[in-house]
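The shown structure was predicted, so the numbers you read here are calculated from the model rather than taken from an experiment. Note on naming: letters A, B, ... go to the chains in the order of the sequence lines (proteins, then strands), and numbering restarts at 1 for each one.
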2 protein chains.
Amino acid sequence: MTEAVSRPTLEAVAARAGVSRATVSRVVNGGDGVREPLAERVRRAVEELGYVPNQAARSLVTRRHDAVAVVIAEPETRVFTDPFFALQLRGISKELTAHDNQLVLLLTEGRADHARVARYLAGGHVDGALVFSLHLDDPLPGLIHDAGVPTVFGGRPDWGADTRAADPGVVYVDCDNRGGARAAVRHLLDLGRRRVAHITGALDQTSAVDRLDGYRDVMTDVLGEYDPRLVEESDFTPSGGERAMRELLDRCPDVDAVFAANDLTALGALRVLRARGRRVPEDVAVVGFDDMVPVTEQADPPLTTVRQDIEEMGRLMARLLLRGLSGAREGTDTTAGAQEAPPSEVILPTTLIRRASA
Amino acid sequence: MTEAVSRPTLEAVAARAGVSRATVSRVVNGGDGVREPLAERVRRAVEELGYVPNQAARSLVTRRHDAVAVVIAEPETRVFTDPFFALQLRGISKELTAHDNQLVLLLTEGRADHARVARYLAGGHVDGALVFSLHLDDPLPGLIHDAGVPTVFGGRPDWGADTRAADPGVVYVDCDNRGGARAAVRHLLDLGRRRVAHITGALDQTSAVDRLDGYRDVMTDVLGEYDPRLVEESDFTPSGGERAMRELLDRCPDVDAVFAANDLTALGALRVLRARGRRVPEDVAVVGFDDMVPVTEQADPPLTTVRQDIEEMGRLMARLLLRGLSGAREGTDTTAGAQEAPPSEVILPTTLIRRASA
DNA sequence: GTGAAAGCGCTAACAT
DNA sequence: ATGTTAGCGCTTTCAC
């Protein structure tokens with residue numbers, strides 16, 4: 001483990017280049033209004049000294065940090081068993097990097113950590129936050145609202161009984177869970193299936209609720225009504241999918257199709273169907289959600305699913321936040337190139353990917 | 001997206017408590033040498049004003065950031081298909097949080113990003129770095145060395161031809177890959193198997209190389225020599241495992257056991273074995289590595305594997321780094337409670353977990 | 001034990 | 001176009 005060494009300052013660069021600190025500062029920050037020969041001299045001095053601006057000093061005066069917090073609330077460990085989280089993070093990271101922003105990761109393990117996160121955000125260490133509000137009734141959105149930090153949510157936040165529900169400033173990005181679910185179920189009905197079951201996700205997450213709603217939409221729409229016995233609650237995990245599938249087969253032996261809330265759940269269902277001697281898709285057609293390629297392509301049979309672009313979702317969240325931040329900084333500029341207020345919600349499209357399972 | 005508001009300063013707290021800024025500062029930072037009644041008044045003022053120290057101002061003078069960078073180099077996307085990464089991060093996050101340090105995540109997508117990371121680290125934005133040097137011949141260790149940032153590596157770094165190889169200051173944490181591999185292979189031999197194959201991981205990672213070495217150790221040790229035809233190179237992925245298993249079966253139809261470099265690989269092997277009508281473990285016994293519980297327990301049959309505690313590995317890396325940092329700060333203190341120099345390598349133990357596959 | 005004062009390295013008015 | 005200057009909010013000697 002090496003020792004840190006002291007770094008050259010602006011002052012040192014200025015001395016070496018034979019100019020004032022202000023000039024060096026100008027060059028370092030884009031360099032408008034400095035004549036070329038001088039600028040060049042400064043750049044050489046910077047190079048020679050290996051000068052890197054002290055971010056703390058800079059933040060102290062600019063009140064900007066070029067850093068964004070990513071808050072991931074994961075009381076349960078689901079986040080760590082599917083690659084969802086990693087993909088979002090990658091999208092976010094790419095976008096932030098492209099804009100020279102740093103990513104400060106805040107993982108929470110439960111209520112105890114909420115206060116810590118709220119304090120951190122309120123402390124003005126970062127310019128904004130990207131928050132994955134994974135569970136209903138999560139106090140985090142409220143706390144964050146109070147902290148007054150520009151925030152973009154990942155997934156439709158549930159404001160529940162919270163009175164701040166009406167806040168028009170809330171921005172979030174989500175995929176079209178309901179629409180995707182509709183497409184999945186419609187596809188199964190188009191295949192001629194009539195006893196289409198649904199294995200839900202964890203219903204304390206809006207994504208699961210929305211997918212269930214989409215299922216209901218189509219079932220009632222097409223068949224006039226839906227049989228609640230065809231819906232089994234689960235939790236987005238493979239073992240949850242297994243359990244639910246068994247339940248479903250016992251209760252309604254005549255099911256001829258299953259729409260699973262995500263691919264992992266579908267995997268569990270597939271396993272049970274095979275064990276029970278049901279052929280897929282001949283006897284029972286199966287559709288998943290997410291399209292985690294390593295999962296869907298290697299399922300047996302390969303899984304028909306609703307694709308959402310998770311990485312893009314992360315990237316978009318970051319983009320929206322950064323745009324909002326720069327917009328706020330530049331004030332209410334109404335000229336041609338002005339930033340518009342970010343839309344309060346962005347819903348990414350989903351597409352049905354047909355493979356062998358349905 | 002809410003607007004950020006200006007926060008109360010030390011000055012404000014001092015005014016409210018009727019003391020000097022210095023006194024407030026003392027109380028806020030542990031409060032030694034301030035008489036209780038005064039300290040209490042200060043604490044109340046802090047509370048009432050909702051004062052949170054400005055980290056930038058503090059860093060400017062202390063030259064500390066209470067922040068640690070986590071660098072994850074992932075040219076390939078393996079990191080995102082298995083939960084390894086997420087688990088490490090969780091361990092790291094827990095430990096950092098416990099010591100009030102922030103986690104700055106630096107994801108790299110290739111060589112182009114290396115310079116960026118090096119610059120960031122050299123820029124003195126963080127007190128130290130935790131680096132996952134996933135691939136051989138990675139220039140990152142060298143760059144980081146030059147940046148002069150206290151660093152702990154995850155996994156034995158490969159210094160290859162790098163002349164800095166001899167640097168005694170390098171600290172890393174790894175699991176006992178070689179020992180774990182030995183245990184796995186020994187177990188298979190104890191079961192009476194003689195044609196034990198090995199599907200390697202990506203051999204540009206030291207973990208894969210070490211596991212292969214462990215396999216060789218035991219095979220030559222027990223059988224006098226090992227048959228290179230029983231070793232098939234792969235890449236830690238399920239599909240890689242499938243491909244390798246097919247190869248192996250074609251080449252050596254008499255294999256009666258397989259040691260796979262990780263659980264995901266074993267999963268692929270299991271699939272092929274089933275497809276080819278080989279019973280597991282009767283015809284072919286299979287052992288994995290990692291013990292990703294959701295994978296191993298739901299494999300069919302449940303997978304015997306070598307367990308490593310990934311989260312603990314993350315936690316330990318963080319602990320080592322923080323200890324090194326505080327040690328460095330406190331200077332060379334030789335009294336009783338002094339920090340010892342962190343060990344240059346920590347190898348975590350592995351354990352064989354017996355399930356049904358071997 | 002407590003306060004006064006001097007910066008940490010930088011940016012942004014304001015002069016020139 | 002460039003230089004001068006005044007802080008940003010905090011910690012930390014140094015007096016008292």
Listed pairs, N/O of protein and of nucleotides 11-14 of chain C, under 3.5 Å:
from	atom 1	to	atom 2	distance (Å)
dT11(C)	OP1	Asn29(A)	OD1	3.4
dT11(C)	OP1	Asn29(A)	ND2	3.1
dT11(C)	OP1	Arg58(A)	NE	2.8
dT11(C)	OP1	Arg58(A)	NH2	3.3
dT11(C)	OP2	Ser25(A)	OG	2.7
dT11(C)	O4	Arg21(A)	NH2	3.2

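Annotation: ring pair (Phe, Tyr, Trp, His ring centres under 6.0 Å) contacts of Tyr120(B) (sequence neighbours excluded): His125(B). Considering only residues two or more places apart in sequence or on other chains, Ala122(A) meets the side chain to side chain contact (heavy atoms under 4.5 Å, CB included) condition with Ala147(A). His65(B) pairs by the side chain to side chain contact (heavy atoms under 4.5 Å, CB included) definition with Ser59(B), Ala67(B), Asp127(B), not counting sequence neighbours. Applying the side chain to side chain donor-acceptor pair (under 3.5 Å) rule to Thr62(A) yields no partners; only residues at least two apart in sequence or on another chain are considered. Every residue two or more places apart in sequence or in another chain was checked for a side chain to side chain donor-acceptor pair (under 3.5 Å) with Arg119(A), and none qualifies. Taking the side chain to side chain contact (heavy atoms under 4.5 Å, CB included) definition, one finds that Ala118(B) meets it with Leu143(B), sequence neighbours left out. With sequence neighbours left out, His114(B) forms a ring pair (Phe, Tyr, Trp, His ring centres under 6.0 Å) with no residue at all. For the side chain to side chain donor-acceptor pair (under 3.5 Å) test, residues two or more places apart in sequence or in another chain that qualify with Thr23(A) are Ser20(A). Listed by chain and residue number, Leu10(B), Glu11(B), Ala14(B) satisfy the side chain to side chain contact (heavy atoms under 4.5 Å, CB included) test with Arg21(B) (two or more places apart in sequence, or in another chain).
Two residues, Arg63(B) and Val19(B), neighbour DNA chain C, and the one matched to the more 5' nucleotide by heavy-atom proximity is Val19(B). Between Leu60(B) and Leu38(B), the one whose closest nucleotide on DNA chain C sits nearer the 5' end is Leu38(B).
Helix bend of the helix from dG1(C)-dC16(D) to dT16(C)-dA1(D): the angle between its two end axes, each built from five pairs, comes to 40° after rounding to 10°.
If you take CD of Gln55(A) and P of dC8(C), they are 19 Å apart, rounded to a whole angstrom. Across the protein-nucleic acid pair, His65(B) atom NE2 and dG9(C) atom P stand 11 Å apart, rounded to whole Å.
With values rounded to the nearest 0.5 angstrom, Leu316(A) atom CG is found 11.0 Å from Gln88(A) atom CD.
Chain B approaches DNA chain D within less than 4.0 angstrom (heavy atoms of the protein), and the contacting nucleotides run 5' to 3' from dG9(D) to dT13(D).
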